[in-house]
Colleague: 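Mind looking over this structure? Questions follow.
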Amino acid sequence: MATTKELSVEDKLRALYDLQIIDTRIDEIRNVRGELPLEVEDLEDEVAGLTTRLEKLQHDLGTIEDSIKAKKVAIDDHKAAITKYTEQQKEVRNNREFNSLTKEVEFQELEIQLAEKQIKEMKASIEHKKEVISTSKDRLDQKSSHLKHKKAELSDIMSETQKEESFLNEKSAEFESLIEERLLAAYKRIRSSVRNGLAVVSIERGASAGSFFTIPPQVQVEIASRKKIITDEHSGRILVDAALAEEEREKMDKLFSKM
């Protein structure tokens, strides 16, 4: 368990507000990126899926073309067999042998018809697959182009913000180390439960920032005294007085200017 130096309540409030300023700045950077990383990831998956589909279609096309070649060879074999049986019919000595050879010729003719029908069906399948391949290639080209554009967009944003975000993450960890674990856990819990991520806010015009609920004067006095941690009864946020908030914002602005 990490050990932290015992701070006064005021120092704890300052550390919490500083941490909030830093974390809010990190949130803003990530909001600039928005859904872009997820968009890039989804596009990468889609491009990979289309590429795999195209490879399978091309493989299927090759298999069908090989089958057509095999059927054509079989047709030639059947025709050769017909020629052979027809020649044999000229040399038979009885009707039984002639009829037997006739049946063989008829069988070979049926095999040729079947093979030709199958070739016709396979050629139709090839035409259909070629249309699907063409459509898939167009879609792949579009998605690949879109992915390239989105990657460049993300790369530009990352190059602009990565250094700042790394600096801020280090400072966030640094300020977290100043805050006792119980208070830090409360800060993170509040931060995760509110929509804008603001767990520590200042008093503005008699109410907590972003709220329309007025804070009683006596409570405002207690907040300004900086003697204890006080939370807003409506939002649960930790409250600091406006003067402290202004001082810490100026301090953090100087820190950020060094980036």
Side-chain angles (χ1 to χ4, degrees), residues 16 18-67 122-177 179 184-201 209-211 235-238 252-253 255-259:
L16 278 168
D18 291 343
L19 178 61
Q20 179 67 76
I21 292 172
I22 292 168
D23 286 346
T24 297
R25 186 77 168 252
I26 293 171
D27 289 344
E28 289 170 354
I29 290 172
R30 290 174 179 170
N31 285 337
V32 169
R33 288 201 295 267
E35 299 295 317
L36 198 52
L38 288 176
E39 284 184 53
V40 168
E41 188 177 333
D42 288 344
L43 281 168
E44 286 175 336
D45 290 343
E46 196 167 354
V47 166
L50 283 168
T51 301
T52 300
R53 187 184 184 208
L54 265 173
E55 288 172 353
K56 184 179 183 304
L57 285 167
Q58 294 283 10
H59 178 267
D60 290 348
L61 201 59
T63 300
I64 295 171
E65 288 171 345
D66 289 342
S67 296
M122 285 189 283
K123 283 183 175 179
S125 178
I126 283 175
E127 290 306 310
H128 172 69
K129 285 190 182 295
K130 282 182 177 179
E131 290 177 8
V132 175
I133 286 171
S134 177
T135 302
S136 297
K137 279 183 177 178
D138 289 343
R139 184 169 175 77
L140 178 59
D141 289 343
Q142 290 172 3
K143 292 297 178 180
S144 295
S145 176
H146 193 200
L147 174 60
K148 184 179 179 180
H149 171 74
K150 287 295 181 181
K151 275 187 170 180
E153 188 179 338
L154 180 59
S155 179
D156 288 343
I157 293 173
M158 290 297 291
S159 64
E160 292 172 3
T161 62
Q162 197 163 26
K163 182 179 177 182
E164 182 181 1
E165 187 176 1
S166 296
F167 173 82
L168 291 170
N169 281 327
E170 289 176 7
K171 287 300 175 184
S172 179
E174 183 181 315
F175 278 90
E176 282 188 5
S177 69
I179 303 168
L184 181 61
Y187 165 81
K188 289 184 175 181
R189 185 181 66 253
I190 298 168
R191 185 166 145 73
S192 65
S193 66
V194 292
R195 183 173 55 82
N196 56 10
L198 294 177
V200 187
V201 295
S211 172
S235 66
R237 295 181 171 97
I238 298 167
M252 298 310 288
D253 283 343
L255 177 66
F256 293 156
S257 69
K258 296 177 182 178
M259 289 187 293

Colleague: State, to 0.1 Å, how close V201 and L198 come at their nearest heavy-atom pair, and which atoms those are.
Modeller: CG1-CB, 3.9 Å
Colleague: If you measure from CZ on R53 to CD on E46, what distance do you get to the nearest 0.5 Å?
Modeller: 11.5 Å
Colleague: Give the intermediate values and the outcome of side-chain contact (heavy atoms from CB on, under 4.5 Å) for residues L19 and L184.
Modeller: CA-CA 10 Å; L19 178 61; L184 181 61; 3.9 Å; yes
Colleague: State whether K137 and D141 are salt-bridged, where the test is any N-O pair (Lys NZ or Arg NE/NH1/NH2 against Asp/Glu carboxylate O) under 4.0 Å.
Modeller: no
Colleague: Could you state the interatomic distance from CG (L57) to OG (S134), rounded to the nearest 0.5 Å?
Modeller: 11.5 Å
Colleague: A quick test of your reading: do over 12 heavy atoms of other residues, nucleotides or ligands sit less than 6.0 Å from CZ of R33?
Modeller: yes
Colleague: Distance check, rounded to the nearest 0.5 Å: L50 atom CG versus D45 atom CG?
Modeller: 11.0 Å
Colleague: Looking at residues at least two apart in the chain, or sitting in another chain, which of them share a side-chain contact (heavy atoms from CB on, under 4.5 Å) with S193?
Modeller: none
Colleague: Can you check whether L168's main-chain N or O pairs, donor with acceptor, with R25's side chain at less than 3.5 Å?
Modeller: no
Colleague: Between side-chain atoms of residues 123-132 and protein atoms elsewhere (two or more places apart, or another chain), which donor-acceptor pairs fall under 3.5 Å?
Modeller:
none

Colleague: Is the shortest side-chain heavy-atom distance between L16 and Y187 below 4.5 Å?
Modeller: yes
Colleague: In terms of side-chain geometry, is the basic nitrogen of D23 or K171 positioned less than 4.0 Å from the acidic oxygen of its partner?
Modeller: no
Colleague: Would a distance-only check, ignoring hydrogens and angles, find a side-chain to backbone donor-acceptor pair under 3.5 Å from S145 to Q142?
Modeller: no
Colleague: Is a donor on one side and an acceptor on the other found under 3.5 Å between the side chain of R191 and the backbone of G197?
Modeller: yes
Colleague: Do F175 and I21 have side chains that approach each other closer than 4.5 Å (heavy atoms only, starting at C-beta)?
Modeller: no
Colleague: Within this structure, what is the NE2-CD1 distance for the pair H59 and I64, rounded to the nearest 0.5 Å?
Modeller: 11.0 Å
Colleague: What are the two closest non-hydrogen atoms of I190 and R237, and how far apart are they?
Modeller: CG2-CA, 4.1 Å
Colleague: Would you say the side chain of T52 lies within less than 4.5 Å of the side chain of K56, judging by non-hydrogen atoms?
Modeller: no
Colleague: What distance separates M252 CE from I22 CD1, expressed to the nearest 0.5 Å?
Modeller: 3.5 Å
Colleague: Could you grab the distance from atom NZ of K151 to atom CG of L36, nearest 0.5 Å is fine?
Modeller: 12.0 Å
Colleague: Identify whether the distance between the nearest side-chain nitrogen and carboxylate oxygen of K188 and E176 falls below 4.0 Å.
Modeller: yes
Colleague: Can you name the closest pair of heavy atoms from L147 and V40 and give their distance?
Modeller: CD1-O, 3.7 Å
Colleague: Indicate yes or no: at least one non-hydrogen side-chain atom of V194 is less than 4.5 angstrom from one of S235.
Modeller: no
Colleague: Consider only side-chain N and O atoms of Q20 and T24, and report whether a donor and an acceptor are under 3.5 Å apart.
Modeller: yes
